[in-house]
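Below: one structure, written as structure tokens.
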Amino acid sequence: MIPSRLKRSFVALCCGVALVGPAAAACVYRPVTLLVPYPAGGLSDVIARTLNVPLSQQLGQPVLVENLGGAGGSIAAQKALSAPADGHMLFLGSPNEVILTPLANAAVKLRHDQFTLVGPVTVNPLVLLVRKDLPVRSVDELVTYARNPANKPLSYGSVGYGSLYHFAGEELSARVGVQMLHVPYKGGAPLLQDMGSGQVDFTMMPWATMYRGLAQDGRLRIAGWVGPRRDELAPDVPAFGEGTLLKDFEYSTWAGVMVRKETPPATLACLHQALSNVLTQPEIKQAILNTGSRPAAPQSLDESARRLVAEAARFQALAKTIHLQPQ
């Protein structure tokens, strides 16, 4: 028989393990990868590095950020699908990689329904950025400039053919009736670098606080919120809806943690709980706000699943509207 004092110690030890790592026992037993589908230095990378330490504390295992850009984020998405469905490969994805790129790139065979959304992390309104010496300060001025036959065709950058920002540029081009040159990049960081040197005319990207510094340094100009109204993240920036030419033009996006659809329900449930615990921490919410993103509202696994399906339907319809042809 085990002495009662030892019994009490054993019970206390077991309870202590459960309290230290509430998700660890059911979820993971070795280091976890948080895969970012773009190079280091961009907004997705910053968000991932905001999450990885507190997520490590929740899971009881190190969460290591890995950057893998290319092909509109589909290279990283495919790597996530190639990993075992055991919760050790997390993908910081968005509609960009799992919905839009497969619609635009005939070589990309992955599908959004191969992923499960563990939970949304951020909501990101888009903003119009223009090169520093482009003589426009609003979307109406951009449209007027683009329509002037005396000016050469404008170029716009994106993070890849078929990305949300490519969709936005194509729809803008179609709406104003002017052909524009699409310039794809592997990520936001190299795109902004080229914009700073004047090699690209404009882009529409998720708001990030770093744009303030780039604008103050004279490397680019912030010309408008891509939507009906100004955002409190930068209330001095005008909105498309304040003009007359593209009042109903609106884009935003979101990012969330995803895993393979085959991930066991118990593993999925405890990953969801761990992520929810992280996202309810006030300091994490503030850190996300500091990036220029909005913390996403909490969602159940069922709500997240419906969100991914609805987004797929929305963008499939948009692809038909702008006559997007897979290349």
Side-chain angles (χ1 to χ4, degrees), residues 37-39 42-44 69-77 94-108 124 126-134 136 139 141-149 151-208 211 219-224 226-227 240 245-246 249-253 314-327:
Y38 303 105
L43 180 59
S44 295
S74 64
I75 293 176
S94 72
N96 219 35
E97 305 83 36
V98 303
I99 299 173
L100 300 179
T101 299
L103 289 174
N105 189 334
V108 176
N124 305 86
L126 265 60
V127 69
L128 172 67
L129 307 173
V130 302
R131 61 177 167 85
K132 57 186 177 182
D133 53 349
L134 193 69
V136 304
V139 68
E141 290 184 8
L142 180 76
V143 172
T144 301
Y145 183 92
R147 285 174 170 169
N148 187 340
N151 298 322
K152 67 177 183 179
L154 290 175
S155 62
Y156 70 92
S158 80
V159 296
Y161 183 85
S163 65
L164 176 68
Y165 324 121
H166 176 211
F167 268 61
E170 284 297 298
E171 185 176 2
L172 188 148
S173 176
R175 291 274 295 273
V176 304
V178 177
Q179 190 67 35
M180 299 179 184
L181 175 64
H182 173 226
V183 184
Y185 287 82
K186 288 186 176 181
L191 165 56
L192 292 175
Q193 184 176 4
D194 274 7
M195 177 168 288
S197 60
Q199 298 183 51
V200 182
D201 292 319
F202 74 95
T203 187
M204 285 175 278
M205 295 280 284
W207 170 260
Y211 300 158
R219 297 180 61 79
L220 53 77
R221 186 177 298 122
I222 307 168
V226 187
F240 280 27
L245 302 178
L246 288 172
F249 193 93
E250 182 176 5
Y251 273 83
S252 63
T253 189
R314 170 192 168 202
F315 285 116
Q316 286 163 358
L318 181 57
K320 292 180 180 179
T321 299
I322 65 174
H323 307 291
L324 185 76
Q325 297 298 319
Q327 294 185 359

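Since the model is a prediction, treat every value here as computed from it, not as a measurement. For this chain, numbers begin at 1 and follow the sequence in order.
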Side-chain donor-acceptor pairs of residues 189-197 under 3.5 Å, sequence neighbours excluded:
residue, atom, partner, partner atom, Å
Asp194, OD2, Tyr185, OH, 2.7
Ser197, OG, Asp194, O, 3.0
Ser197, OG, Gln199, NE2, 3.0

- request: Among Val130, Leu154, Val178, find the one that has a side-chain contact (heavy atoms from CB on, under 4.5 Å) with Tyr145.
  value: Leu154
- prompt: How long is the span from the CG atom in Leu129 to the CZ atom in Arg219, to the nearest 0.5 Å?
  reply: 13.0 Å
Closest non-hydrogen atom pair, Thr101 against Ala71: CG2-O, 3.4 Å
- request: Would you name the heavy atoms of Leu324 and Ala104 that are closest together and state the gap between them?
  value: CD2-CB, 3.7 Å
field: Heavy-atom pair with the smallest gap, counting every atom of Val200 and Tyr156
entry: CG1-C, 3.8 Å
field: Distance, nearest 0.5 Å, that separates CG of Leu126 from CZ of Phe240
entry: 9.0 Å
message: Using 0.5 Å steps for rounding, measure from the CG atom of Leu181 to the OG atom of Ser173.
response: 10.5 Å
query: Is there a side-chain contact between Tyr165 and Asn96 (heavy atoms, below 4.5 Å)?
result: yes
- line: Shortest non-hydrogen pair, Phe315 vs Pro95, comes out as CE1-CB, 3.8 Å
- prompt: Taking all non-hydrogen atoms of both residues, which atom of Arg147 and which atom of Arg175 are closest, and how far apart?
  reply: NH2-O, 4.3 Å
message: Rounded at 0.5 Å granularity, tell me how far CD1 in Ile99 sits from CG in Leu318.
response: 11.5 Å
task: Can you sort out the partners of Arg314 under side chain to side chain contact (heavy atoms under 4.5 Å, CB included), two or more places apart, ordered by chain and number?
output: Glu311
field: Polar side-chain atom of Ser155 near backbone of Asp201 as donor-acceptor pair, under 3.5 Å
entry: yes
task: Would you mind reporting whether Met205 and Val159 have side-chain heavy atoms less than 4.5 Å apart?
output: yes
- request: Considering non-hydrogen atoms only, spot the tightest contact between Gly162 and Phe167 and give its length.
  value: O-CE1, 3.4 Å
query: Should the ring pair Phe249 and Tyr251 be called parallel, tilted or perpendicular, given that the plane angle runs from 0 to 90° and is split at 30 and 60?
result: tilted
- request: Assign the ring pair His182 / His166 to parallel, tilted or perpendicular, where the plane angle (0 to 90°) is split at 30° and 60°.
  value: parallel
message: Are the side chains of Ile222 and Val127 in contact, using a 4.5 Å heavy-atom criterion?
response: yes
- request: Indicate yes or no: at least one non-hydrogen side-chain atom of Leu128 is less than 4.5 angstrom from one of Met204.
  value: yes
message: Whether the side chain of Glu97 engages the backbone of Ser94 through a donor-acceptor N/O pair (distance < 3.5 Å, no angle test) should be reported.
response: yes
query: Are the side chains of Thr253 and Pro206 in touch, meaning some heavy atoms are under 4.5 Å apart?
result: yes
